[in-house]
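Side chains included, hydrogens not; waters and symmetry mates left out as well; all remaining heavy atoms used. Residue numbering restarts at 1 for every chain, and letters A, B, ... go by the order of the sequence lines.
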Amino acid sequence: MAGEDTGRRGGPRERGAREYSDVGIVLRSHKLGESDKILRILTREHGKRSAVAKGVRKTSSRFGARLEPLTCARLFMHRGRNMDTIKQVEIRTSFKEVREDLDLFMCAQAMCELADSITAEDEPHPELFDLLLGALELLVEFPARAALTRALFEFKVMSASGFGLMVAGCAACGGELEEGETWFSLHLGGNICGSCRAWRAADAGKLVRVSAGATGVLSWMSTHELGDWPDGPPGAAAREAGLLMDRVLEHWMEREFRTHRVMRSMPGGTDEDSRGR
Amino acid sequence: MTYYSGTLENLIERLCGLPGIGPKSAQRIALYLLSLPRDEAVELAKSIVDVKDRVRFCATCFNISEGEVCGICSDERRDTSVICVVEEPRDVIAIERSGAFRGRYHVLGGAISPIDGVGPDELRFTELMARLRGGGVSEIVAATNPNAEGEATALYMAQLVRPLGIKVTRIASGLPVGGDLEYADEITLGRAMEGRQEL
């Protein structure tokens, strides 16, 4: 429960009620004053927290490297009136392999932006934490499948947030979808059949044409979990499904994701990198 | 509720907008300025106006300059074949203070941070590429900060510059001189081991 110590590493009696520890992933950071940073951390038991890390920008800091974005660490925090203060950090996984590869870093930042956007401070969401940690581990283990990992992460996060996509049948009438190319309704959050498309003229600007391959990938994602891989190498269909997920998310959140915009501005125009991820 | 006159309140509000200055500090600075002799206060105000009027970015490297071109770019004794790419003008000062670099600089104006919406288009990569295409450069030193954003910027720059046949190097990371090994964090120590050199 939010606001209480997990008790795993010494409870309130040991360190006072305002001290707590939890495992967290650093989502983002920004500079504060001369040498401090404010970090946004997704903790497993305490939800999203904002915390001050004092002096981390100095070269003499022992914290700095341990609190880089994407790092998963056990954090010992002091609960403040407005913001927590980080007292101690033990790295669990640094994910430095992700930070040392531009494409993986972009993917990971997009996942962090999503995790940051859909959570409110102090609301525990262990399922989201586990999904993000699992996705980051997959980026390290299977860098060539980064685009599919991100798309599947986004799909599962939407499902976990009560916005599961309807890809098995028509999202409007529930009927069967035609073979081959289909249309995806951003309004309805799912594929729609030809007859429903004909009378949903008002949705015209919110309908996305989806290839049979991408529909297959979406359908596969609805029945598989992070860590599962479809047969065959990731290809154009997986990338198309990933781009569709980005559009669905932006429609759902009613805003453009900053990471998506930066990815589009990179050479190549999308997050599809030159190695065909 | 306002406790001071409109003019003083206005000054406090202005000072409050400065980085690192909170309401209490702003109030203290405002009262100190009020206690200054008029000449000193005018000098201070004039310095601020002069900075705004005279200081600009160097047309070549985008470092802070009082002329069209900064002192470093116009210094003919400096090596023109090596360009050190940094994030901010204050990084130029830090490297200059070391006395270890005699080439020229290029200030990007930040680092790539997708989650903050900062991509290559927001930085001065186009200007860097124009300088490189002008010829005469054999090496680029990526001296961005050794953090996630700085590394991403260095990686992007390497991808961009390598096709031109120009060597791209990265400043080393490791232990601070004078520090004890046992106090180093595992990531810094790991980097130091990776970058070890033959004696």
- Task: Give the member of B/Pro176, B/Gly119, B/Gly117 that has the highest number of heavy-atom pairs under 4.5 Å with chain A.
- Result: B/Gly117
- 4.5 Å side-chain heavy-atom contact, B/Asp116 and A/His30: no
- Query: Should A/Met266 and B/Tyr156 count as side-chain neighbours, where that means a heavy-atom distance under 4.5 Å?
  - Reply: yes
- Task: Heavy-atom distances under 4.5 Å only: say whether A/Glu256 touches chain B with side chain, backbone, both or neither.
- Result: neither
- Message: Rounded to the nearest 0.5 Å, what separates atom CD1 in B/Ile115 from atom CZ in A/Arg28?
- Response: 5.0 Å
- Query: Counting heavy atoms not belonging to B/Arg38, are there more than 12 under 6.0 Å from its CZ?
  - Reply: no
- Counting heavy-atom pairs under 4.5 Å with chain A, the top scorer among B/Gly20, B/Ala148, B/Ala184 is B/Ala148
- Item | Minimum heavy-atom distance between B/Ala152 and A/Leu102, given as atom pair plus value | O-CD1, 3.5 Å
- Side chain, backbone, both or neither: which part of A/Glu68 has a non-hydrogen atom closer than 4.5 Å to chain B? side chain
- Atom group of A/Leu70 that falls short of 4.5 Å from chain B, counting heavy atoms: neither
- First locate atom CG of B/Asp185, then atom OG of A/Ser94, and finally report the distance between them rounded to the nearest 0.5 Å. 10.5 Å
- Query: For the atom pair OG (B/Ser113) and CZ (A/Arg258), what is the distance rounded to the nearest 0.5 Å?
  - Reply: 9.0 Å
- Message: A quick test of your reading: do over 12 heavy atoms of other residues, nucleotides or ligands sit less than 6.0 Å from CZ of A/Phe163?
- Response: yes
- At what distance, to the nearest 0.5 angstrom, does CG of A/Asp103 lie from CD of B/Gln159? 6.5 Å
- Item | B/Ile187 side chain reached by A/Ile91 side chain, heavy atoms, under 4.5 Å | yes
- Item | A/Arg261/B/Glu122 salt bridge by N-O under 4.0 Å criterion | yes
- With rounding to the nearest 0.5 Å, note down the distance linking CG in B/Asn147 to CG in A/Leu67. 12.5 Å
- Query: Taking side chain as C-beta onward, heavy atoms only, is B/Glu149 less than 4.5 Å from A/Pro69?
  - Reply: yes
- Assess whether side chain to side chain contact (heavy atoms under 4.5 Å, CB included) is satisfied between A/Asp101 and B/Glu151, documenting all intermediate values. CA-CA 9 Å; A/Asp101 182 303; B/Glu151 294 297 343; over 6 Å; no
- Closest heavy-atom pair and its distance - B/Pro120, A/Val262: CD-CG1, 4.4 Å
- Item | Ionic contact status for A/Lys96 with B/Glu194, cut-off 4.0 Å | yes
- When you look at CZ of B/Phe57, are more than 12 heavy atoms from neighbouring residues, nucleotides or ligands closer to it than 6.0 Å? no
